[in-house]
Amino acid sequence: PFHSIASPETRHWVVIRSVSKCYGPDLRLALLGSDVETAQRLKRRLAAGTHWVSHVLQDMVLAAMQSEPVARQVRAARDAYRERRDSLIGALQDEGFEPLQPCDGLNVWLPLTKPGQPLVQALATCGWQVREGGVFFLGDARPALRLTATFMDEALARRFAADLRRVVDES
C-alpha cells in the first residue's frame with residue numbers, strides 16, 4: 001500500500017512509479033500522480049517534443065494492467081522474489097548478520113560497522129558482486145551493503161552468507 005511522506009500542507013507533490021520492474025524493462029513508462037497544478041504543468045511540458053510517450057506503449061501497459069493472466073504472472077514473480085529474499089535473509093541471520101527488516105522488492109540491506117568497499121572487493125574475488133551502500137544515501141552515507149536476491153535459491157544464499165562471514169572475519 002502507498003503511504004505518502006508528504007504532509008497534508010504540501011502544496012506541490014508528485015509520485016512516480018515505473019512499470020519496468022513488473023512488466024519488463026523495455027516498457028519505459030511510468031505512472032504519475034500529483035496535485036492538479038503540477039499535473040497541468042507537466043501535461044503542457046510533455047505534450048509535444050522528445051518526452052512525448054507513444055500511445056501504443058501506453059495502451060500496452062494499460063492492457064497488461066487489466067489482464068488477469070499478466071496479473072497472475074506478476075504475483076508469481078512477486079512470490080518467487082519474496083521467497084528468494086527471505087532465503088537470503090535467513091542465511092545471513094544464521095551467519096550472525098542482521099539485515100534490515102522488514103524489506104521488500106529484490107534487495108536486502110545489510111548495515112555494517114565499518115566501510116563496505118573492502119568487503120565488496122573481497123567478495124568479488126570470491127565471485128560475488130554486491131553494491132556498497134553509500135551510493136544510495138542522500139545525506140551522510142552509513143556503511144552498508146545492498147544485496148540483490150534475484151537469482152539466489154536457498155543453497156546459493158547459504159553459500160553467499162558463509163562467504164560473507166569468512167570475508168568479514170578475515171578483515
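Heads up: numbering here begins at 1 and tracks the sequence.
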For the pair Leu92 and Leu147, evaluate side chain to side chain contact (heavy atoms under 4.5 Å, CB included) and give the outcome as yes or no after the intermediate values. CA-CA 11 Å; Leu92 290 166; Leu147 310 171; 3.8 Å; yes
Are more than 12 heavy atoms, taken from residues, nucleotides or ligands other than Arg78, located less than 6.0 Å from that residue's CZ atom? yes
Report the C-alpha separation of Leu110 and Leu100 in whole Å, then their side-chain angles, then the decisive distance to 0.1 Å, and conclude whether the side chain to side chain contact (heavy atoms under 4.5 Å, CB included) test is met. CA-CA 6 Å; Leu110 183 63; Leu100 284 184; over 6 Å; no
Please list all pairs passing the ring-ring contact (aromatic ring centres under 6.0 Å, His included) test where one or both residues lie in residues 143-171, with sequence neighbours left out. Trp128-Phe160
Using the rule that Ile, Leu, Val, Met, Phe, Trp and Tyr join whenever any side-chain heavy atoms are under 4.5 Å apart, tell me whether Val56 and Leu29 fall into a single cluster. yes
Applying side-chain contact (heavy atoms from CB on, under 4.5 Å) to Ser34 and not counting sequence neighbours gives Val14, Leu32, Thr38, Ala39
Taken in chain and number order and not counting sequence neighbours, the residues that satisfy side chain to side chain donor-acceptor pair (under 3.5 Å) with Arg75 are Glu68
Please collect all side chain to side chain donor-acceptor pair (under 3.5 Å) contacts where either partner lies in residues 114-124, sequence neighbours excluded, each pair once. Lys114-Ser171
Can you name the closest pair of heavy atoms from Leu88 and Met152 and give their distance? CD1-SD, 3.8 Å
Could you check if a side-chain atom of Met60 sits within less than 4.5 angstrom of a side-chain atom of His55, using non-hydrogen atoms only? no
Could you pull out all residues at least two apart from Gln40 that satisfy side-chain contact (heavy atoms from CB on, under 4.5 Å)? Val36, Arg44
Salt bridge (Lys or Arg N to Asp or Glu O under 4.0 Å) partners for Arg165, two or more places apart: Asp169
So which heavy atom on Val120 is nearest to which on Arg131, and how close? CG2-C, 4.2 Å
Where Pro99 and Pro111 come nearest, the two heavy atoms and their spacing: CA-CD, 4.3 Å
Grouping I, L, V, M, F, W and Y whenever their side-chain heavy atoms are under 4.5 Å apart, do Leu42 and Ile16 come out in a common cluster? yes
So ring-ring contact (aromatic ring centres under 6.0 Å, His included) across residues 13-40, not counting sequence neighbours, yields none
Please find the pair of heavy atoms, one from Arg11 and one from Asp35, that lie closest to each other, and give the distance. O-CG, 3.5 Å
Could you go step by step and tell me if Leu119 and Val130 meet the side chain to side chain contact (heavy atoms under 4.5 Å, CB included) rule? CA-CA 9 Å; Leu119 292 177; Val130 301; over 6 Å; no
Report the residues that fulfil side chain to side chain donor-acceptor pair (under 3.5 Å) with Arg82, sequence neighbours left out, ordered by chain and then residue number. Asp79
Non-neighbouring partners of Glu170 that pass side chain to side chain donor-acceptor pair (under 3.5 Å), sequence neighbours left out: none
Nearest heavy-atom neighbours spanning Arg84 and Thr150: NH1-O, 2.6 Å
Short question: side chain of Glu95, backbone of Phe97 - any donor-acceptor pair under 3.5 Å? no
Is it the case that more than 12 heavy atoms not belonging to Glu83 sit under 6.0 Å from its CD atom? no
Kindly write out the residues that satisfy side-chain contact (heavy atoms from CB on, under 4.5 Å) with Pro118, not counting sequence neighbours, or none if the list is empty. Pro115
Residues passing the side chain to side chain donor-acceptor pair (under 3.5 Å) test with Asp94, sequence neighbours excluded, are Arg158
Between atom CZ of Arg159 and atom CG of Asp153, what is the distance when rounded to the nearest 0.5 Å? 9.0 Å
Given His12 and Glu37, is the side chain to side chain contact (heavy atoms under 4.5 Å, CB included) satisfied, shown in steps? CA-CA 8 Å; His12 298 292; Glu37 184 180 340; 3.1 Å; yes
Do Leu57 and Leu31 belong together in a cluster built from hydrophobic side chains that touch within less than 4.5 Å? yes
How close do Cys126 and Val167 get, counting heavy atoms only, and between which atoms? SG-CG2, 4.1 Å
Check for me, please, whether Leu145 and Leu106 land in the same ILVMFWY cluster - side-chain distances under 4.5 Å, paths through other members count. no
Not counting sequence neighbours, which residues clear side-chain contact (heavy atoms from CB on, under 4.5 Å) with Ser67? List them please. Pro69, Val70
